[in-house]
Colleague: 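Would you mind keeping the following structure in view while I ask a few things?
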Amino acid sequence: MAEIEIDGAPADPARVAALGLLNYGHFTTMRVEAGRVRGLTLHLDRLVRDCRTLFAVELDRTVVRERIRAVLPADGAPVIVRVTVYDPALGLERPAAPAAPALLVTTRPAAAAPAPLRVRTVVHRRELPEVKHVGLFGLVHQRRQAQLAGYDDALLVDPEGRVTEGATWNVGFLDEDKLLWPQGPSLPGTTEALLSGAYRGPQSREPLPAAELGRFGAAFAVNAGVGVRPLAAVDGTVLDPFHPVLAELSAAYLGIAAEAV
């Protein structure tokens, strides 16, 4: 069963509605298993950093952890927890008013390992790409359009045709055993950072023109909900979702010690 609380109490519908009406806030999403999270410190760092950026307020990490623990299932079953930081009292007419952000904490069941993705490239850039903010309209629209065209998701490229990130995930490419991350405006992903630190093979960050993706043997999406998810194709370029290094990457990620909430 999904849970939803604001500042530790059952969510009031009017306060939840305020987030949708103003659409100003930020969040992080994490997979919690048996009360533990891979990269919990990175998620907390993100929340603190983004709260400073959007609200000029220092977020209390201890309170965030308390709020997460309060919604976890007693049996330790894996769930996806989303912590959203926003101010229900902030108005559209005067968003520069002093902010008192609230914590909206929700859960949903963690999904089983999903199938490899078929994606299409689209020229799109998120607003303020360095912040994981709640302004998801553009990303959801691009994902919807990709699915209507027969794909699973959208891979974002800049106006020069260079890959930046996925709709709600970071992306990496494999040239034999070398791991390449795109260089360009994108969200600094927690899973990307963890995997980059755990992988023992060669890796670099480079500009990656979408027109040249055919030189790679494999590619993958990463986010905290699913870990490492292979790409089966980008536009008309077929990739190997069973590339042996993908199994190495997945094992490296699963081998990262999780932190207790």
Side-chain angles (χ1 to χ4, degrees), residues 2 19-20 23-32 37-39 42-43 45-47 49-50 53-54 78-86 104-158 162-173 181-182 184-196 208 210 219-235 239 241 249-250 253:
L19 177 61
N23 201 33
Y24 189 82
H26 63 93
F27 71 100
T28 197
T29 302
M30 62 194 79
R31 184 184 179 101
V32 187
V37 178
R38 289 184 186 86
L42 297 180
H43 286 284
D45 288 346
R46 166 188 281 165
L47 289 171
R49 181 179 62 247
D50 290 353
T53 300
L54 296 192
V79 291
I80 303 299
V81 175
R82 171 169 162 160
V83 180
T84 303
V85 182
Y86 77 110
L104 172 64
V105 184
T106 63
T107 69
R108 68 178 189 271
L117 284 168
R118 294 177 60 255
V119 303
R120 75 168 185 180
T121 55
V122 58
V123 178
H124 184 78
R125 174 176 172 172
R126 293 186 305 112
E127 293 179 285
L128 205 61
E130 66 274 17
V131 171
K132 192 173 179 70
H133 55 76
V134 299
L136 300 179
F137 172 82
L139 300 177
V140 174
H141 178 68
Q142 295 300 341
R143 174 174 287 167
R144 173 178 167 80
Q145 295 306 307
Q147 291 177 356
L148 290 173
Y151 296 86
D152 299 309
D153 212 337
L155 179 63
L156 311 186
V157 301
D158 66 16
R162 294 170 298 202
V163 173
T164 56
E165 60 184 334
T168 56
W169 36 272
N170 294 107
V171 64
F173 295 85
W181 301 103
S186 64
L187 180 71
T190 58
T191 307
E192 177 189 62
L194 291 171
L195 190 59
S196 179
L208 298 179
F220 57 92
V222 287
N223 67 18
V226 299
V228 179
R229 183 177 185 181
L231 299 190
V234 177
D235 295 331
L239 298 162
L249 289 168
S250 184
Y253 177 68

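Worth saying up front: this structure is predicted, and the values here are computed from it rather than measured. Nothing fancy with the numbering, it's 1 onward along the sequence.
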Colleague: Could you go through the side-chain contact (heavy atoms from CB on, under 4.5 Å) check for Leu195 and Phe220 one step at a time?
Modeller: CA-CA 12 Å; Leu195 190 59; Phe220 57 92; 3.7 Å; yes
Colleague: Would you give the length of the straight line joining atom NZ of Lys132 to atom CG of Asp50, rounded to the nearest 0.5 angstrom?
Modeller: 9.5 Å
Colleague: With heavy-atom distances below 4.5 Å as the criterion, would you say the side chains of Val163 and Leu155 are in contact?
Modeller: yes
Colleague: Any salt bridge linking Arg143 with Asp153? Criterion: basic side-chain nitrogen under 4.0 Å from a carboxylate oxygen.
Modeller: yes
Colleague: Under 3.5 Å, is there a donor on one side chain and an acceptor on the other for Thr164 and Asp158?
Modeller: no
Colleague: Looking only at heavy atoms, which two atoms of Phe27 and Val134 are closest? And how far apart?
Modeller: CD2-CG1, 4.0 Å
Colleague: Of all heavy-atom pairs between Arg46 and Gly189, which one has the smallest distance, and what is that distance?
Modeller: NH2-CA, 3.6 Å
Colleague: Do you know the tightest heavy-atom contact between Pro109 and Ile80?
Modeller: O-CG1, 4.2 Å
Colleague: In Å and rounded to the nearest 0.5 Å, what is the CZ to CG distance from Arg120 to Asp235?
Modeller: 8.5 Å
Colleague: I need the minimum non-hydrogen distance between His43 and Val37, along with the two atoms involved.
Modeller: CD2-CG1, 4.1 Å
Colleague: Nearest 0.5 Å please: distance from the CG atom of Leu187 over to the CG atom of Leu156.
Modeller: 11.5 Å
Colleague: To the nearest 0.5 Å, how far apart are CG in Leu54 and OH in Tyr24?
Modeller: 4.0 Å
Colleague: Looking at CD of Gln142 and OG1 of Thr168, how far apart are the two atoms once the value is rounded to the nearest 0.5 Å?
Modeller: 13.0 Å
Colleague: Apply ring pair (Phe, Tyr, Trp, His ring centres under 6.0 Å) to Trp169 and list each qualifying residue two or more places apart in sequence or on a separate chain.
Modeller: none
Colleague: For the residue pair Leu239 and Pro230, establish whether any side-chain heavy-atom pair is separated by less than 4.5 Å.
Modeller: no
Colleague: Minimum heavy-atom separation for Ala110 to Arg31, with atom names?
Modeller: CB-NH1, 3.4 Å
Colleague: Under a 4.5 Å cut-off applied to non-hydrogen side-chain atoms, are Val32 and Met30 in contact?
Modeller: yes
Colleague: Would you say that Val222 contacts Leu194 through its side chain, given a criterion of any heavy-atom pair below 4.5 Å between the two side chains?
Modeller: no
Colleague: Return all side-chain donor-acceptor pairs below 3.5 angstrom for residues 122-131, not counting sequence neighbours, or 'none' if the list is empty.
Modeller:
{"from": "Arg126", "atom 1": "NE", "to": "Glu165", "atom 2": "OE2", "distance (Å)": "3.1"}
{"from": "Arg126", "atom 1": "NH1", "to": "Val131", "atom 2": "O", "distance (Å)": "3.2"}
{"from": "Arg126", "atom 1": "NH2", "to": "Pro129", "atom 2": "O", "distance (Å)": "2.2"}

Colleague: I'd like to check Arg162 versus Val157 (side-chain heavy atoms, cut-off strictly below 4.5 Å). Are they in contact?
Modeller: no
Colleague: Report yes or no: do Thr84 and Arg82 form a side-chain donor-acceptor pair below 3.5 Å?
Modeller: yes
Colleague: Using every non-hydrogen atom in the two residues, find where Gly227 and Tyr253 come nearest and quote the distance to one decimal.
Modeller: CA-CE2, 3.6 Å
Colleague: A side-chain contact here means heavy atoms from C-beta on lying under 4.5 Å apart; do Phe173 and Leu208 qualify?
Modeller: yes
